[in-house]
Amino acid sequence: MDLHTGRTLWSESDISPMSYPRLDGDVQSDVVVVGGGIGGAIAAWEIAERGFQVVVLERHRVGMGSTRGNTGLLQYANDMPLAEMIRVHGRERAVAFYRRCWEGVVRLREIAKKLPEDVEFAERMSLCYASVPADIPRLKDEARALVQHGFAAEIIVGREEVREAFGIDREAALATYGDAEVNPLKLTRALLAELVRRGAARVFEDTAVVRTDEGAAHVLLETDGGFRVKARAAVVATGYGFQRARPLAGVRLGCTYAIATEPLSDLSGWPEGALIWETARPYLYMRTTRDRRLVVGGLDLPVPDGPRRDQDLNARADKLAQLAREVLPGLGPMSIAYRWASTFGSTVDGWPIVGVYPGFRRIFCSLGYGGNGTVCYAVAADILARRIAGEDRPEDDVLRPERLSLWRRAARRLSVAVRP
């Protein structure tokens with residue numbers, strides 16, 4: 001699968017990445033992580049933190065898959081708002097999931113502090129504005145749900161009030177606190193480099209897994225070079241490419257577009273320390289970078305790759321810049337420096353996929369599908385590291401892959417029931 005088209009910001013701003021060898025012999029380890037992107041790196045870190053030795057296998061280069069198209073917003077809020085998630089999953093499960101994601105942001109903050117390299121982690125608030133006035137009641141419901149369950153949130157209504165508070169030219173905006181931003185490629189590379197430096201992990205690039213076997217007490221992975229990796233457990237964190245290799249029910253793949261501007265001379269029209277998104281679906285999302293660039297994404301299409309995605313790149317990049325100016329009229333002139341389209345995935349119930357891969361006992365999935373994917377990878381890494389250490393919790397099972405088959409069967413029964 002071709003995960004990107006165009007020039008992404010992060011891959012061209014990191015001019016001196018560390019490289020790793022191709023696997024050239026059989027190896028053993030406690031755990032093998034398949035995938036050297038942000039999901040695999042966080043999983044390797046959490047597993048190593050519990051005292052296990054880790055081998056990481058990346059089929060191309062570390063961080064150069066889905067991670068280099070990641071826009072680096074770390075938000076505990078899901079593509080599915082809490083109020084809606086309560087209706088879908090029930091209050092207890094929905095609130096527990098939101099709290100897990102909030103804890104995931106906290107955990108990423110703690111991890112970033114332990115790294116010797118600056119990964120551009122910064123705490124941020126999020127602003128979700130009403131795309132149209134008809135969305136204001138929904139935004140108010142979300143504010144009530146968040147506050148009721150202990151999340152810091154406040155809503156401002158009125159075009160003049162919102163513009164005065166945040167510079168956003170919309171009728172209402174919901175402010176939430178406890179989010180962050182990061183350079184996802186720097187974070188990925190710094191995590192793996194630090195694990196290697198500590199002697200806790202070995203990383204191999206240009207090494208694809210072509211066969212997987214499982215015994216009573218181990219897994220055995222064969223690579224495209226004909227070598228084997230033996231381990232107690234395996235974690236598959238191959239991002240959106242996983243869906244093409246091992247399709248799971250209830251997963252949708254599409255593409256999202258993004259731009260990064262040249263550094264702006266005047267950011268006074270930007271609400272300081274804010275990540276911005278909206279109530280519409282698909283939604284516009286925006287942030288700034290440390291070097292004063294504006295990153296804008298959105299205008300999603302239901303196609304993961306191919307000619308339609310690629311042909312629309314320039315037009316949709318220009319549209320993203322136009323939308324940013326409309327939402328934040330106080331922004332000064334901007335020039336697009338990078339424009340790209342990336343594959344993304346989501347699930348029918350708004351949750352990531354974490355747990356034992358169907359048909360196995362020692363091979364686990366870590367798939368942070370959804371708009372807050374990096375945060376979901378932090379949640380997944382904690383769950384799987386504990387599970388590998390023998391610390392199972394019943395509440396972890398709600399994210400298991402098998403649940404999506406149940407959702408699909410329920411949807412089919414419903415469609416038959418309502419058919420005229």
Side-chain angles (χ1 to χ4, degrees), residues 71-86 94-95 97-106 108-109 120-182 264 267-290 292 294-298 323-331 350 370-372 374-376:
T71 48
L73 286 76
L74 305 178
Q75 296 173 296
Y76 70 80
N78 194 270
D79 284 4
M80 183 182 292
L82 177 59
E84 181 181 348
M85 190 172 287
I86 288 171
V95 173
F97 179 74
Y98 259 63
R99 286 180 178 153
R100 273 186 164 180
C101 290
W102 187 88
E103 292 167 357
V105 178
V106 172
L108 290 169
R109 181 187 305 118
E120 300 175 28
F121 184 97
E123 297 183 22
R124 294 288 181 254
M125 70 172 176
S126 285
L127 296 174
C128 182
Y129 63 82
S131 305
V132 294
D135 289 344
I136 295 176
R138 187 152 54 94
L139 208 57
K140 289 181 176 179
D141 287 345
E142 182 66 4
R144 282 191 292 268
L146 289 167
V147 171
Q148 179 184 354
H149 295 98
F151 299 98
E154 57 181 328
I155 188 169
I156 296 178
V157 179
R159 187 173 291 266
E160 290 301 319
E161 290 83 352
V162 173
R163 189 160 183 172
E164 180 179 353
F166 304 122
I168 297 176
D169 188 26
R170 289 297 183 268
E171 293 286 351
L174 171 65
T176 56
Y177 304 90
D179 291 330
E181 67 184 29
V182 75
L264 301 180
L267 277 175
S268 59
W270 183 269
E272 185 177 356
L275 311 175
I276 299 177
W277 58 319
E278 63 174 325
T279 54
R281 294 295 184 270
Y283 55 84
L284 191 73
Y285 48 98
M286 299 184 280
R287 59 164 287 199
T288 54
T289 64
R290 185 174 295 179
R292 304 177 65 84
L294 179 62
V295 177
V296 187
L323 291 172
R325 295 188 190 97
E326 292 175 1
V327 175
L328 292 162
L331 284 177
N372 57 350
T374 303
V375 174
C376 286

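Atom CD of E164 has 12 or fewer neighbouring heavy atoms from other residues, nucleotides or ligands inside a 6.0 Å radius. Environment of CD in E326: crowded, with over 12 heavy atoms of neighbouring residues, nucleotides or ligands closer than 6.0 Å.
A salt bridge between D141 and R144 is present, with a side-chain N of the basic residue lying under 4.0 Å from a carboxylate O of the acidic one.
Note that CZ of R99 is 9.5 Å distant from CG of L82, once rounded to the nearest 0.5 Å. Put simply, CZ on R292 and CG on L267 are 4.5 Å apart, with the number rounded to the nearest 0.5 Å. If you take CG on L108 and CD on E103, they are separated by 12.0 Å, rounding to the nearest 0.5 Å. Interatomic distance, CD of Q75 versus SG of C101, reported as 11.0 Å (0.5 Å rounding).
Judged purely by atom type and a 3.5 angstrom limit, N78 uses its side chain to pair as donor or acceptor with the backbone of G350. One N or O on the side chain of R281 and one on the backbone of T279 form a donor-acceptor pair closer than 3.5 Å. A donor-acceptor pair is defined here as one N or O able to donate and one able to accept, closer than 3.5 Å; no such pair exists between the side chain of R170 and the backbone of E278. Put simply, the side chain of R287 gets close to the backbone of T71: a donor and an acceptor are under 3.5 Å apart.
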Between L328 and D169, does a side-chain contact (heavy atoms from CB on, under 4.5 Å) hold up when you go through it step by step?
CA-CA 6 Å; L328 292 162; D169 188 26; over 6 Å; no
Could you please spell out the steps behind the side-chain contact (heavy atoms from CB on, under 4.5 Å) verdict for V327 and M286?
CA-CA 10 Å; V327 175; M286 299 184 280; 4.1 Å; yes
Checking side-chain contact (heavy atoms from CB on, under 4.5 Å) for the pair V157/K140: CA distance, chi angles, key distance, verdict?
CA-CA 9 Å; V157 179; K140 289 181 176 179; 3.9 Å; yes
Under the criterion side-chain contact (heavy atoms from CB on, under 4.5 Å), I'd like the reasoning laid out for M85 against Y98: C-alpha separation, chi angles, the key distance, then a yes or no.
CA-CA 9 Å; M85 190 172 287; Y98 259 63; 4.0 Å; yes
After noting the C-alpha distance and the side-chain angles of E171 and R159, does the key distance pass the salt bridge (charged side-chain N to carboxylate O under 4.0 Å, His left out) rule?
CA-CA 4 Å; E171 293 286 351; R159 187 173 291 266; 3.2 Å; yes
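With no hydrogens or angles considered, no side-chain donor-acceptor pair links E123 and Y177 at under 3.5 Å.
In this view, W277 and Y283 satisfy the ring-ring contact (aromatic ring centres under 6.0 Å, His included) rule, not counting sequence neighbours.
For F166 and Y129, the ring centers sit 6.0 Å or farther from each other.
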